Amino acid sequence: MNKIRVRFAPSPTGYLHIGGARTALFNWLFAKKNGGAFILRIEDTDEARSTDESIRAIIESMQWLGLNWDEGPKIEDRGQRTEVRGQGTEVRGQRTEVRGQKTGDREKTHPPPLISQLSSLNSHLSPLTSHPSTLNSQLGSYGPYFQMERLDIYKKYAKQLISNGKAYYCYCTPEELKTMREEQQSKKLPPKYDGRCRNRGVRTDGGGQNAVIRFKMPREGKIAFDDIVRGHLEFENTLLDDFVILKASGVPTYNFACTIDDKLMEISHVIRGDDHLSNTPRQIHLYNALNWELPQFAHLSMILGPDGSRLSKRHGHTSVLEYKNDGYLNVALINYLALLGWSTSDSQQIFELDELLNKFSLEKCSKSPAIFDIQKLQWLNMEYLKKLSAEEIYKKSIPFITNAALPMDNPGLIIKILRTEKEKIKLLSDVPNIIDFFVLNDVKYESSALEKVLKDENADKILRDLLPIFENCNDFSKVLLEKSVRNFCELNGIKTSRAFHPVRVAVSGRMYGPGLFDLLELLGKQKVVERIAKFLSEYLEYGEEDKS
RNA sequence: GGCCCCAUUGUCUAGUGGACCAGGACGUAGCCCUCUCAAGGCUAAAACACGGGUUCGAAUCCCGUUGGGGCCA
């Protein structure tokens with residue numbers, strides 16, 4: 001059996017979105033599970049809409065998710081063009097031609113030394129990448145493939161098709177095509193190219209400058225293939241027209257470039273979104289015309305927004321990096337993505353990566369589209385957060401703490417706080433709010449909390465009585481503190497909650513947080529005493545006067 | 001407009017002719033725990049799109065309808 005080789009082939013016309021990431025993940029899982037290769041190919045032939053920013057975002061997203069690719073042109077070969085495609089046109093054609101002819105030559109793909117400039121991209125290596133199966137992959141050693149660097153290859157095959165009589169030059173002008181379309185529409189016929197240039201031959205008068213190359217589509221019969229997730233599929237050839245494979249600019253169209261690359265890169269399984277299902281017959285005709293063996297196809301169902309329509313910006317966050325910035329863990333996103341359109345017979349929900357690799361199969365992918373549900377992602381995120389130690393959570397939340405401009409001079413304290421509070425964290429971005437009143441000098445009092453305390457007219461007296469107890473407490477430990485405060489409540493016949501709540505609000509400014517005595521111990525005697533005193537003078541005396 | 005794909009609770013799904021008055025998970029509601037907020041534990045409500053067949057028997061197979069999605073323009 002041939003080696004398993006798969007690819008993820010995004011167009012760099014926007015950020016890597018959730019649907020794309022899921023496709024990438026399934027490809028990656030399939031490759032890793034079967035000891036195959038996973039390739040990243042940037043389909044940047046839509047020159048108007050492709051941007052370097054998108055390429056950067058795609059790469060960063062893939063790396064954050066730990067979906068590293070196994071080969072590609074070496075970074076050294078690309079000179080300055082490391083993580084993004086560059087300008088070095090003169091080298092492009094030659095080198096890529098070489099790659100194109102020597103795709104069988106896999107020795108080239110042994111990892112060269114890491115390039116330092118790219119290793120920075122690896123700084124937030126996910127736990128995923130420490131999985132043994134991914135260790136061999138050197139993130140950043142290889143750039144992905146870029147189709148715009150392979151133009152000569154497509155040209156070569158387009159010419160080959162012409163000389164074999166499977167394709168032809170088309171000299172139709174835009175006006176001509178427009179008229180044709182209008183005529184067809186007026187006759188209620190489906191608009192498609194009628195093939196009028198099929199027999200015009202090659203023009204030599206120089207008027208052929210703007211010629212495109214069209215594929216000669218068979219005009220009868222049908223094409224059939226077996227899709228791993230969809231089963232047997234058939235399409236009528238008459239419905240397909242002589243589509244353009246190479247534009248006048250020399251840039252290939254999607255179906256053509258994709259087919260050529262899949263073949264040259266020896267892709268064994270084309271795993272992609274459902275939206276490409278209708279493109280598949282065209283591509284199969286191309287394979288046939290070139291006498292190439294077909295890969296296996298697997299079309300994954302789409303991921304939709306909450307309203308059941310195609311996932312788009314108006315559904316809120318759709319880009320992978322937005323989830324990173326929101327404080328989701330890569331492992332949680334991976335797990336969630338895996339659950340969208342794939343499942344095991346026992347409906348298992350949480351999968352460690354090795355488990356996922358072990359159990360994943362294309363056959364168990366569902367045919368129906370899936371709606372993205374952020375709630376479940378959040379739940380999974382929490383589950384994964386629970387597995388982390390306070391130290392690990394701290395490390396991962398540093399960017400969020402920094403971003404909130406909180407002092408970072410006492411990591412030990414933050415870790416201690418996280419130890420008591422970690423099961424409440426839904427997102428890494430929750431961390432600043434959980435720790436801020438510990439590490440900041442001033443307490444921000446939430447109005448709802450304030451209201452609640454001021455409502456109890458005894459709060460003032462209770463706090464006044466409690467203050468010396470705290471002041472005189474030499475061992476400011478939660479056990480002792482709890483004993484003292486409970487003791488105080490009992491002696492004075494006060495319900496504990498009537499004492500606990502004012503203290504909590506006075507020192508933290510809010511009604512929620514750690515257990516009161518954990519809170520006090522973590523805060524320390526000095527801050528507790530200072531804050532209660534300040535609270536008494538700033539809020540409660542005023543409250544007294546107000547009442548009288 | 002043509003063609004293609006899809007259809008189990010609000011959501012992700014299990015289910016491949018009898019073990020299904022449909023199982024798991026998220027979410028929702030209630031209760032318990034409790035100094036607060038969470039977490040946790042327990043319980044509950046909630047689905048086979050519709051209509052025809054086939055069959056002793058259908059969520060499961062076939063046809064149609066409806067709905068959703070995609071591709072080509």
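A note on names: the letters A, B, ... follow the listed sequences, proteins ahead of strands, and every chain is numbered from 1. Here the structure is a predicted model, which means the values were calculated and not measured.
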Using the C1' atom on both, measure U65(B) against C26(B) and round to a whole Å.
33 Å

How close or far is atom C1' of C26(B) from atom NZ of Lys376(A), stated in whole angstroms?
5 Å

Between C35(B), C12(B), G24(B), which one does the side chain of Ser347(A) approach most closely?
G24(B)

On the nucleotide C12(B), are OP1 or OP2 found under 4.0 Å from the side-chain N or O atoms that Ser366(A) carries?
no

Of the listed nucleotides (C26(B), C35(B), C6(B)), which one gets closest to any side-chain atom of Phe500(A)?
C35(B)

Looking for any heavy atom pair under 4.0 Å, which part of the strands does Gly515(A) touch: base, sugar-phosphate only, or nothing?
base

Partner nucleotide, any strand, of U11(B) [Watson-Crick/G-U, under 3.5 Å]:
A25(B)

Between the side chains of Arg41(A) and Asp262(A), is the shortest nitrogen-to-carboxylate-oxygen separation below 4.0 Å, so that they form an ion pair?
yes

Roughly how many Å apart are C42(B) and C48(B), using the C1' atom of each and rounding to a whole number?
29 Å

Would you list the pairs meeting side chain to side chain donor-acceptor pair (under 3.5 Å) in which at least one residue belongs to residues 484-495 of chain A, sequence neighbours left out?
Glu482(A)-Arg486(A)

Walking RNA chain B from its 5' end, the first of Asn279(A) and Tyr512(A) to be reached, judged by nearest nucleotide, is Tyr512(A)

Contact class for Gln375(A) (heavy atom, under 4.0 Å): base, sugar-phosphate, or nothing?
sugar-phosphate

Roughly how many Å apart are G64(B) and A7(B), using the C1' atom of each and rounding to a whole number?
15 Å

To the nearest Å, how far apart are Phe372(A) CZ and G69(B) C1'?
18 Å

Gap between atoms CG and P, on Leu520(A) and U36(B) respectively (whole Å):
15 Å

For the pair Lys395(A) and Glu392(A), find out whether any cationic side-chain nitrogen is under 4.0 Å from an anionic carboxylate oxygen.
no

With the side chain of Met302(A) defined as its heavy atoms from C-beta on, choose the nearest nucleotide among G69(B), U13(B), A38(B).
G69(B)

G-U wobble or Watson-Crick pairing nucleotide for G1(B) (cut-off 3.5 Å, both distances):
C72(B)

Taking C21(B) as the reference, what is the distance to C31(B) when you measure between their P atoms (whole Å, please)?
32 Å

Among A14(B), C5(B), U36(B), the nucleotide that comes nearest once only the side chain of His501(A) is considered
U36(B)

Can you check whether any acceptor in the base of C37(B) is under 3.5 Å from a donor in the side chain of Lys424(A), or vice versa?
yes

Donor-acceptor pair under 3.5 Å: do we get one between Lys192(A)'s side chain and the base of A73(B)?
no

Filter on salt bridge (Lys or Arg N to Asp or Glu O under 4.0 Å), then keep only pairs touching residues 510-519 of chain A, sequence neighbours left out; what's left?
Asp436(A)-Arg510(A), Lys478(A)-Asp518(A)

In whole Å, I'd like the distance from the CG atom of Leu311(A) to the P atom of G68(B).
18 Å

Within the 4.0 Å heavy-atom criterion, would you say Pro514(A) contacts the bases, only the backbone, or no part of the nucleic acid?
base

From the set U13(B), C35(B), C12(B), return the single nucleotide nearest to any side-chain atom of Ser497(A).
C35(B)

Taking G10(B) as the reference, what is the distance to G27(B) when you measure between their C1' atoms (whole Å, please)?
8 Å

Within 45° of the six-membered ring axis of Tyr384(A) and under 6.0 Å from that ring's centre, is NZ or CZ of Lys387(A) located there?
yes

Please measure how far the P atom in C37(B) lies from the corresponding atom in C32(B), and state the result in whole Å.
14 Å

C42(B) -> Watson-Crick or G-U wobble partner, both distances under 3.5 Å, gives G30(B)

Taking the C1' atom in each of U28(B) and G69(B), what is the distance between them to the nearest angstrom?
28 Å

Those residues of residues 221-245 of chain A lying under 4.0 Å from RNA chain B by at least one heavy atom:
Arg230(A), Leu233(A), Phe235(A), Leu239(A)

Where the side chain of Ser278(A) is defined as all heavy atoms beyond and including C-beta, which of C71(B), A39(B), C12(B) is the nearest nucleotide?
C71(B)

When you measure from the side-chain N and O atoms of Lys386(A) to the phosphate of G40(B), is any distance below 4.0 Å, counting only OP1 and OP2?
yes

For U36(B), which nucleotide is its Watson-Crick or G-U wobble mate, given both distances must be under 3.5 Å?
none

Are Tyr323(A) and His17(A) close enough that their ring centres sit under 6.0 Å apart?
no

Please classify the nucleic acid contact of Lys178(A) as base, sugar-phosphate, or nothing, using heavy-atom distances under 4.0 Å.
nothing

Test Lys216(A) against Asp242(A) for salt bridge (charged side-chain N to carboxylate O under 4.0 Å, His left out), laying out the working first.
CA-CA 5 Å; Lys216(A) 218 180 258 181; Asp242(A) 291 356; over 6 Å; no

pair_partner(G51(B)), Watson-Crick or wobble, both distances < 3.5 Å, evaluates to C63(B)

Counting the atoms with a prime plus P, OP1 and OP2 as sugar-phosphate, which does Ser301(A) contact under 4.0 Å by heavy atoms, base, sugar-phosphate, or nothing?
nothing

Within the structure shown, what part of the strands sits under 4.0 Å from Gly273(A) by heavy-atom distance: base, sugar-phosphate, or nothing?
nothing

In whole Å, what is the span from the CD1 atom of Ile434(A) to the C1' atom of A38(B)?
9 Å

Any donor-acceptor pair under 3.5 Å linking the side-chain atoms of Asn27(A) with those of His269(A)?
no

Expressed in angstrom and rounded to an integer, what is the separation of Asn335(A) atom CG from C26(B) atom P?
13 Å

More than 12 heavy atoms of other residues, nucleotides or ligands under 6.0 Å from NZ of Lys359(A): yes or no?
yes

Rounded off to whole Å, could you give me the CZ-to-C1' distance for the Arg504(A) and C37(B) pair?
8 Å

Closest nucleotide among A38(B), G70(B), G27(B) to the Arg310(A) side chain:
G70(B)

Taking atom P in both C72(B) and U9(B), what distance in whole Å separates the two?
30 Å

Ignoring hydrogens and geometry beyond distance, is a side-chain donor-acceptor pair present between His285(A) and Gln283(A) at under 3.5 Å?
no

Please confirm whether Arg214(A) makes a cation-pi placement over Tyr169(A), using NZ or CZ under 6.0 Å from the six-membered ring centre and within 45° of the ring normal.
no

Closest-nucleotide 5' rank along RNA chain B - winner of Ala370(A) and Arg282(A):
Ala370(A)

Regarding the side chain of Glu383(A), the nearest nucleotide among G69(B), C37(B), G40(B) is G40(B)

By nearest atom, which of the nucleotides C71(B), U13(B), G27(B) is closest to the Asp275(A) side chain?
C71(B)

Can you name the closest pair of heavy atoms from Ser508(A) and Phe437(A) and give their distance?
CB-CE1, 3.5 Å

Which listed nucleotide (U13(B), C35(B), C5(B)) is nearest to the side chain of Ser343(A)?
U13(B)

In this structure, how many angstroms lie between the C1' atom of G10(B) and the CG atom of Asp307(A), rounded?
14 Å

Pairing partner of C56(B) (Watson-Crick or G-U wobble, both distances under 3.5 Å)
G18(B)

